[in-house]
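For reference, the structure discussed in these notes is given below.
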Number of protein chains: 2
Amino acid sequence: MNKPSGPMSYDELRGTIAQRHRALSGRLQQIAEFVLDHPTDVALGTVAEVAQRSGVPPSAIVRFAHALGFGGFTEMQQVFRNRLVAGEAPSYKARLARMKGEEKSVLGRKPMAVLSRFVSEAQSALVTLSQSVHARELDAATAILTKARDIYLLGLGGSFPVATHLAYVLRKLGHRVVLLDGIGGSIHEQSHAATSEDALVAISFRNYYPDTARLFPELVARRVPTISITDSLLSPIVQGASVVFEIQDMPEPALRTLVAPMCLVQALAIGLDLSSD
Amino acid sequence: MNKPSGPMSYDELRGTIAQRHRALSGRLQQIAEFVLDHPTDVALGTVAEVAQRSGVPPSAIVRFAHALGFGGFTEMQQVFRNRLVAGEAPSYKARLARMKGEEKSVLGRKPMAVLSRFVSEAQSALVTLSQSVHARELDAATAILTKARDIYLLGLGGSFPVATHLAYVLRKLGHRVVLLDGIGGSIHEQSHAATSEDALVAISFRNYYPDTARLFPELVARRVPTISITDSLLSPIVQGASVVFEIQDMPEPALRTLVAPMCLVQALAIGLDLSSD
DNA sequence: CACAAAATAGAATAGATATTCTATCGCGTG
DNA sequence: CACGCGATAGAATATCTATTCTATTTTGTG
């Protein structure tokens, strides 16, 4: 039992919960996590509903409210409702207006404006992606990956995050993945075992990382089926590729967001699993 | 009694009420006016409360709901509640509904459909990002990074792509970066040189990578200024952090797009350079 | 390992809820 | 002016609600 039983804002409540989370025990922690993740459910639901959704008995919800200093669930719920009501008026118009306003305010030098710029850049990159990728390529790529024994991933330099992300997702889904990162030796050695039974996903954008440009033709020569993700048909990983995804309008390295390729590789991985079973 | 008892948007309901207003009788008109003027009260209140505030007996409220084609007050109230939650996060409900629905349909199994699903997921994640990040936090983070001698990056498991991307961009801009990847030994050793003169950017989402949870408190204890990017205030990298960016509604690991954190770290890096010269 | 303390789940309960029912009222019509 | 019809309000009701209580389990400790 604590003092903050007085009128409390939602943000204050969040802070309190975060602080005291560790001190709470088992069940209460579980509820704390659910409550922070689903504030709307708490605002609108009944004790029974919240209890069911969070997987705890109703009485535990009440104990949780007590532990936070409220007289009961209803009292705590009021805070969550205030949050809903508070955010209703200024939501759409004000938020958008603020974004537009700040965007032009100090000409993009303030961090917030920079974020807005990158967000809208990313938005349009996504639109472009969904327009430029065709079903035929996706299906072909999926077919290749389905037949592959091991999947080799080649993405260095600025593309490395994309490769690691794809590696992570594919491994989560139970696929055999070899991430060619050049650690502890040359990537040539790492890729030495690749055969035509396997597959390669290569990712590279300007300026094309030298090692990528060097290794790619070798694997093609060894008849490893290849999926390329790049920004130009003139890139070194296009010639000989089985499938090419061209992602256009990539800004210069430091400014590119990688949003589009990240999205693409994830769709590849998940689509692979959904269509194979 | 009318048919529109089906799922109805708040705007549609408003139109219906306005149309039928004249046809309604006395009391019902009075209720109609109150309801249009105080939609929030209707969303959150009980029949008794709404009745009292609008100066009519409770049964009249129920009659009003019936007259609009609803089965009862509760049913009508649902429309008003949807309005409240509609303005908060464009992701949440629609996203979940769409995923649940398409995941099992034949449409959602084709690779192309999977791609467009991830694209729209990413879109809403970006919108949510620009709404949930505040200028104050961005400025604080920028200040920390500006003063830092070396910038340590901690992002393992599913967050590793984000960390590598940030490392890449920061190095391109000429900053001294230490990427804590645990290669060739423990990350403890890698981070041993970090002091209060440096800075740490930690990135972690559920399920929080154990090494991250273990290392973070150590660096905080050594008074290293810390910027955390995570999905919950209860994550192990929140306690003691100088700045926390909370990115909500992160799907399960295999399905998350990383689009939002990727965008955020890039804005951080670029914003850092733009505001420091 | 035994004990005490805390936490938990599930049943019990007191209260509130939306809805229905019925007697009454207002009002236009024959 | 009496009649009939619809609207109304208030009481009755059955459902659902939050909360409390208690037996049981789990946890920490000597």
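Labels below follow one simple rule: chain letters A, B, ... track the order of the sequence lines, proteins then strands, and each chain is numbered from 1. Note that this is a predicted model, so its numbers are computed, not measured.
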According to salt bridge (Lys or Arg N to Asp or Glu O under 4.0 Å), who are the partners of [X], at least two apart in sequence or on a separate chain?
X	value
R214(B)	D211(B)
R14(B)	none
D11(B)	none
D231(B)	R206(B)

- Considering just the side-chain nitrogens and oxygens of R63(B), establish if one lies under 4.0 Å of OP1 or OP2 belonging to dA7(D). no
Go through the structure and list residues passing ring pair (Phe, Tyr, Trp, His ring centres under 6.0 Å) with [X], not counting sequence neighbours.
X	result
F73(A)	none
Y10(A)	F80(A)
H21(B)	none

- Message: Students often get this wrong, so: under 4.0 angstrom with heavy atoms, is L28(B) touching a base, only sugar-phosphate, or nothing?
- Response: sugar-phosphate
What N/O pairs connect the protein and nucleotides 3-6 of chain C at under 3.5 Å? Give each pair on its own line.
none

- What's the CZ-P distance between F64(B) and dT8(D), to the nearest Å? 12 Å
- Which whole-number value in Å describes the distance from Q30(A) CD to dA7(C) P? 16 Å
- Task: Report the residues that fulfil side chain to side chain contact (heavy atoms under 4.5 Å, CB included) with D150(B), sequence neighbours left out, ordered by chain and then residue number.
- Result: Y152(B), R176(B), D198(B)
- Task: Looking only at non-hydrogen atoms, find the nearest pair between Y168(A) and G157(B) and report the distance.
- Result: CE1-C, 3.7 Å
Taking only N/O atoms, report every protein-nucleotides 18-20 of chain D pair under 3.5 Å with atom names and distance.
from	atom 1	to	atom 2	distance (Å)
dA18(D)	OP1	V47(A)	N	3.1
dA18(D)	OP2	V47(A)	N	2.8
dA18(D)	O3'	T74(A)	OG1	3.4
dT19(D)	OP1	F73(A)	N	3.3
dT19(D)	OP2	F73(A)	N	2.6

What pairs of nitrogen or oxygen atoms, one from the protein and one from nucleotides 26-30 of chain D, lie under 3.5 Å apart?
none

- Under the side chain to side chain donor-acceptor pair (under 3.5 Å) test, residues paired with Q30(A) that sit two or more places apart: R27(A)
